[in-house]
Q: 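Just passing along the structure, written as structure tokens.
All of these numbers come straight from a predicted model, not from anything done at the bench.
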Amino acid sequence: MDAFQATVKELADQVNQQVERLRDAYGAINAIESTMASPDGMISVTVGPQGQVRGIELNPRVYRKLSASELAGALMEQINRATATVTEQRRRLMEPLMPAELPYEQVFGENVTLDAFLPPRVDPDA
């Protein structure tokens with residue numbers, strides 16, 4: 001094997017290792033789940049890897065304790081807490097795999113726009 005073939009093989013091995021790391025990370029992301037309970041234990045919410053609500057458990061006494069609007073607010077609080085935990089777990093898995101020049105927030109952040117993925121506008125007259 002000549003030096004060129006050795007270099008190509010080394011680069012191919014590096015690419016294959018990176019692909020496996022990405023596959024492992026995505027597998028781990030799909031397994032992420034977070035369950036949050038209210039301090040009094042009356043409300044429990046489980047959120048999946050993409051922030052989808054997978055389950056809500058309510059103690060039957062919660063209906064006597066909270067009004068409808070208070071219950072809605074308490075549910076939203078637990079959903080938001082669980083979603084924040086899932087988001088942080090996803091960030092910890094993906095951030096090490098991101099190129100240094102492409103911050104995680106720019107790709108997966110809350111305010112991502114299509115501009116994050118596109119090159120700057122090309123000016124043909126420049």
Side-chain angles (χ1 to χ4, degrees):
M1 177 181 307
D2 66 10
F4 176 75
Q5 288 175 318
T7 301
V8 168
K9 181 183 179 334
E10 181 181 329
L11 290 172
D13 289 344
Q14 289 174 8
V15 167
N16 290 334
Q17 288 173 0
Q18 190 69 357
V19 167
E20 279 306 307
R21 287 180 65 202
L22 281 169
R23 282 194 176 117
D24 291 345
Y26 272 91
I29 284 171
N30 288 330
I32 292 174
E33 189 172 272
S34 176
T35 299
M36 291 291 167
S38 60
D40 61 7
M42 293 287 206
I43 299 166
S44 176
V45 174
T46 301
V47 171
Q50 303 303 322
Q52 70 277 28
V53 177
R54 289 190 168 171
I56 296 174
E57 292 184 28
L58 302 174
N59 183 308
R61 294 178 300 171
V62 77
Y63 301 112
R64 291 180 292 217
K65 186 176 178 187
L66 300 176
S67 69
S69 63
E70 290 171 328
L71 177 57
L75 280 167
M76 287 306 299
E77 181 181 342
Q78 299 317 312
I79 290 169
N80 289 339
R81 287 180 57 219
T83 302
T85 299
V86 164
T87 300
E88 177 58 22
Q89 290 173 353
R90 260 194 345 249
R91 185 193 63 74
R92 277 190 262 131
L93 285 167
M94 291 304 296
E95 198 169 46
L97 303 174
M98 301 290 297
E101 65 277 0
L102 187 61
Y104 176 86
E105 287 300 317
Q106 188 175 347
V107 176
F108 298 105
E110 206 171 294
N111 299 314
V112 172
T113 65
L114 183 59
D115 292 334
F117 302 98
L118 299 175
R121 184 172 164 75
V122 175
D123 184 359
D125 297 326

Q: Ignoring hydrogens and angles, tell me if any N or O in the side chain of R61 forms a donor-acceptor pair with the backbone of M42 under 3.5 Å.
A: no
Q: Please confirm whether the backbone N or O of I43 pairs with a side-chain atom of S38, one donor and one acceptor, at under 3.5 Å?
A: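 Such a contact is found between S38 side chain and I43 backbone.
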Q: Does a sphere of radius 6.0 Å around CD in E88 hold more than 12 heavy atoms from other residues, nucleotides or ligands, not counting ones at 6.0 Å or beyond?
A: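 Enclosed.
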Q: Say whether R92 and Q89, considering side chains only, have a donor N or O and an acceptor N or O under 3.5 Å apart.
A: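 R92 vs Q89: no donor-acceptor pair found between side chains.
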Q: Between OG1 of T35 and CD1 of I56, what distance do you get to the nearest 0.5 Å?
A: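 Answer for the OG1-CD1 pair, T35 versus I56, is 11.5 Å.
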Q: If you look at every heavy atom in L97 and A25, which pair is closest and at what distance?
A: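 Nearest pair, atom of L97 first, then A25: CD1-CB, 3.5 Å.
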Q: Are the side chain of R81 and the backbone N or O of A37 linked by a donor-acceptor pair below 3.5 Å?
A: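 Flag set: sc R81 to bb A37 pair under 3.5 Å.
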Q: To the nearest 0.5 Å, what is the distance between OG (S34) and CD (Q78)?
A: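 CD of Q78 is found 10.0 Å from OG of S34.
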Q: Does a side-chain heavy-atom distance below 4.5 Å link Q5 with D2?
A: yes
Q: Identify the two heavy atoms, one from A74 and one from L66, that lie closest to each other, and give their separation to 0.1 Å.
A: CB-CD1, 4.3 Å
Q: Roughly how far apart are E77 CD and M36 CE, rounded to 0.5 Å?
A: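 Spacing of CD (E77) from CE (M36) equals 11.0 Å.
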Q: Drop me the distance from I32's CD1 to L93's CG, to the nearest 0.5 angstrom.
A: 5.0 Å
Q: So which atom in V47 and which in I79 form the shortest heavy-atom distance, rounded to 0.1 Å?
A: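 Looking at all heavy atoms of both residues, the closest pair is CG2-O, 4.1 Å.
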Q: Report the distance from atom CG of N80 to atom CG of L75, rounding to the nearest 0.5 Å.
A: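 Result: 10.5 Å between the selected atoms.
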Q: V8: which other cluster members, linking ILVMFWY side chains closer than 4.5 Å, directly or transitively?
A: F4
Q: Give, for atom CD of E33 and atom OG1 of T46, the distance between the pair rounded to the nearest 0.5 Å.
A: 5.5 Å
